[in-house]
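Only one structure is covered here, and it is reproduced in the block below.
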Amino acid sequence: MFGFFREENALVCDGVPLDAVAREHGTPLYVYSAESIRRAYRELDEAFGAYPHRIHYALKANSSFAIARLLHRSGSGADANSIGEVEVAMRAGFAASDIVFSGVGKSPDEIERAVQLGLKAINAESAGELERIDRAAQAHGVRARVAVRVNPDIDAGTHPHISTGLHTNKFGVPLEHAGELYRRMSTQPGLEPVGIHVHLGSQIISTEPIHRAAVVVVRFARELRDQGIHLDHIDVGGGLGISYDGSRVPTAAEYAAAVLAIVKPSGLAVAMEPGRYIVGAAGVLLARVVDLKPAAAGHQFAVLDAGMTELMRPALYGSFHRIEPVTPRQARELCYDIVGPVCETTDALGHDRRLPALEVGDLLAIRDAGAYGSAMSSNYNRRPLPAEVLVDAGNATLVRRRQTIDDMLALELGGS
Ligand code: LLP
């Protein structure tokens, strides 16, 4: 058994009791299962079998250094959305040739550095960006490997805040303009077209839009080939969803089948950028109840020592995360609104949750918080970034200590 499960009623991570981990390191605390991360990576990798493919783990989901290193050691490449993520990836061991650099607004400094490093591909978002990459590459006497991110105007059927593949979204270049950009590259000596990139959105729970996007980009790559422009890979982006509430989502095998059915006949290698699928279920946020009080309609408020500063997803997207007592009491169930300590009404982690009666000091686990949890945490209300623990082979290791007020003020002139 690996991941999060119950042993004698108490929630454990890879067999290590979460209660003990929280007592040692305090709360709020992120705890990750190394084995869950490795297995998710391997499952996806194996789903693509012998067909040429490369997984570039999307660091934006969770770029904690220990996790970046773990994925590097597991054999993954990296997808970075800022030069900061590129630098973290390189320090974690990823080779420049194994990093793809996506992102909608690359600054001149970012382009400069990316070109110097010689990344596997810069996924370009516009005609203007291609020109800037070309100029930077020529200035350094190199050719930058690029892929154009196309926007196929396909609805991924996901939350509007995390949908990216529609023409109304800011991402990429409309497919009908992309051909011109590839043809122009023959006059841009700093550019080497190596791929085509598409990313429809995140938490996609049907293979249908993924299949449709594959159809249009493969057709497009064929048209380019007929014009003498030969690419190496199709980057299908990230987006594969996970089940937050137990409902059925596509498996890695179904995802791979949907992509390969279309890409295989083209012979082009598949690159992909999964984030959530690899780390989402592999992390929990542990928090303690700091206050209890009656709410409207017979509900109770359970106020935790974690909130939107540690896990912003419920406040930002209304996302659902399971919330469970680490060691449930033998008590009658009550209906809780589970809220954080931040001075915002939207600062809640879950509504209408039936849990055995809680007491102040009880430890709760907010499940499936490995992706876009820690990575989106903030210092709002001067709350320190939480500590993080990685459990591997029965050992729970602190991989990020809790931020202190001194850490925060160290950046501020005259503050310390
Ligand atoms: N590639 C690109 C170009 C992306 O924009 C993203 C995510 C990914 C890959 C990875 O997507 P994934 O496999 O993790 O779905 N904060 C939101 C999700 C934002 C996703 C942004 N881009 C959330 O918490 O649901």
Side-chain angles (χ1 to χ4, degrees), residues 37 40-41 43-44 54-63 67 71 76-82 85-86 89 99-106 120-125 129 147-152 156-166 169-173 195-207 209-210 213 217 234-245 249-250 252 255 259 270-283 285 308 310-321 349 366-378:
I37 296 173
Y41 172 80
E43 205 175 350
L44 194 55
R54 189 85 185 113
I55 296 175
H56 297 274
Y57 166 61
L59 284 161
K60 61 173 76 72
N62 189 322
S63 61
I67 288 182
L71 280 156
S76 185
D79 165 42
N81 200 68
S82 70
E85 286 184 355
V86 171
I99 301 173
V100 295
F101 181 20
S102 314
V104 82
K106 302 181 190 77
K120 167 171 170 169
I122 304 177
N123 292 332
E125 293 267 348
E129 188 171 278
V148 175
R149 175 171 181 174
V150 296
N151 182 323
T158 184
H159 188 284
H161 291 186
I162 52 175
S163 159
T164 58
L166 290 170
N169 303 138
K170 67 181 175 180
F171 299 95
V173 173
I196 176 166
H197 179 222
V198 64
H199 171 79
L200 295 181
S202 197
Q203 185 55 12
I204 300 173
I205 53 169
S206 157
T207 55
I210 294 166
V217 291
I234 289 191
D235 184 338
V236 292
L240 180 56
I242 62 170
S243 181
Y244 286 97
D245 61 1
V249 293
Y255 173 73
V259 172
V270 175
M272 66 203 105
E273 304 165 348
R276 188 189 318 264
Y277 180 80
I278 306 240
V279 293
L285 173 60
M308 65 188 289
E310 289 70 32
L311 181 64
M312 200 194 240
R313 304 192 69 257
L316 199 55
Y317 318 112
S319 311
F320 176 87
H321 286 261
L349 294 170
I366 297 117
R367 301 287 304 272
D368 305 312
Y372 307 106
S374 165
M376 291 173 74
S377 55
S378 84

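In each ligand, atom 1 is the first atom listed, and ligand 1 is the first ligand listed. What you are looking at is a predicted structure, and each value in this text was computed from that prediction instead of being measured. This chain uses plain numbering: 1 for the first residue, then up along the sequence.
At a threshold of 4.0 Å, the pair R149-D235 does not count as salt-bridged, since none of the basic side-chain nitrogens sits closer than that to a carboxylate oxygen.
Checking only distances, H197 never comes within under 3.5 Å of ligand 1, N or O to N or O. The shortest N or O to N or O distance between Y277 and ligand 1 is not below 3.5 Å. Taking distance alone, with nitrogen or oxygen atoms compared against 3.5 Å, G201 stays at or beyond that limit from ligand 1. The distance criterion of under 3.5 Å between nitrogen or oxygen atoms is met by Y317 with respect to ligand 1.
A distance of 4.5 Å separates OH of Y57 from CG of N62, quoted to the nearest 0.5 Å. S202 OG to Y277 OH: the interatomic distance, rounded to the nearest 0.5 Å, is 14.5 Å. In this structure, CD1 in I204 is found 9.5 Å from CZ in R276, a value given to the nearest 0.5 Å. Interatomic distance, CG of L349 versus CD of E310, reported as 8.5 Å (0.5 Å rounding).
Close approach of ligand 1 to E273 is summarised as follows: ligand atoms under 4.0 Å from at least one heavy atom of the residue are 1 (N), 2 (C), 3 (C), 8 (C), 9 (C), 10 (C), 13 (O). Proximity to R149 (heavy-atom distance under 4.0 Å) selects the following atoms of ligand 1: 3 (C). In the vicinity of D79, heavy-atom distances shorter than 4.0 Å reach the ligand 1 atoms 1 (N), 9 (C). Heavy-atom contacts of A58 reach the following atoms of ligand 1: 10 (C) (cutoff under 4.0 Å). Near K60, with a cut-off below 4.0 Å to any heavy atom, the atoms of ligand 1 are 1 (N), 2 (C), 4 (C), 5 (O), 6 (C), 7 (C), 8 (C), 9 (C), 21 (C), 22 (N). Contact atoms of ligand 1 toward G239: 11 (O), 12 (P), 13 (O), 15 (O) (distance under 4.0 Å to a heavy atom of the residue). Every atom of ligand 1 with a heavy atom of P274 under 4.0 Å away is listed here by number and element: 13 (O). Atoms of ligand 1 found under 4.0 Å from any heavy atom of S202, numbered from 1 in the order shown, are 11 (O), 12 (P), 14 (O), 15 (O), 18 (C), 20 (C).
Both the backbone and the side chain of R276 come within 4.0 Å of ligand 1, counting heavy atoms alone. At a 4.0 Å heavy-atom cut-off, ligand 1 does not touch H159 at all.
Of the candidates Y372, Y244, F101, the one placing a heavy atom closest to atom 20 (C) of ligand 1 is Y372. Closest to atom 5 (O) of ligand 1 by heavy atom, among H199, M312, M272, H56, is H199.
You'll find the side chain of Y244 reaches within 4.5 Å of the side chain of R313, heavy atoms only. When side chains are defined from C-beta on, E273 counts as touching S102, because their heavy atoms get closer than 4.5 Å.
E85 pairs by the salt bridge (Lys or Arg N to Asp or Glu O under 4.0 Å) definition with nothing, not counting sequence neighbours. The ring-ring contact (aromatic ring centres under 6.0 Å, His included) check on F171 picks up nothing, with sequence neighbours excluded.
Summarising the geometry of N151 relative to N169, their closest heavy-atom pair is ND2-O, 3.9 Å, with the distance given to 0.1 Å.
Within a 6.0 Å sphere centred on CD1 of I242, other residues, nucleotides and ligands contribute more than 12 heavy atoms.
Contact analysis leaves A371 out of contact with ligand 1, as no non-hydrogen atom separation drops below 4.0 angstrom.
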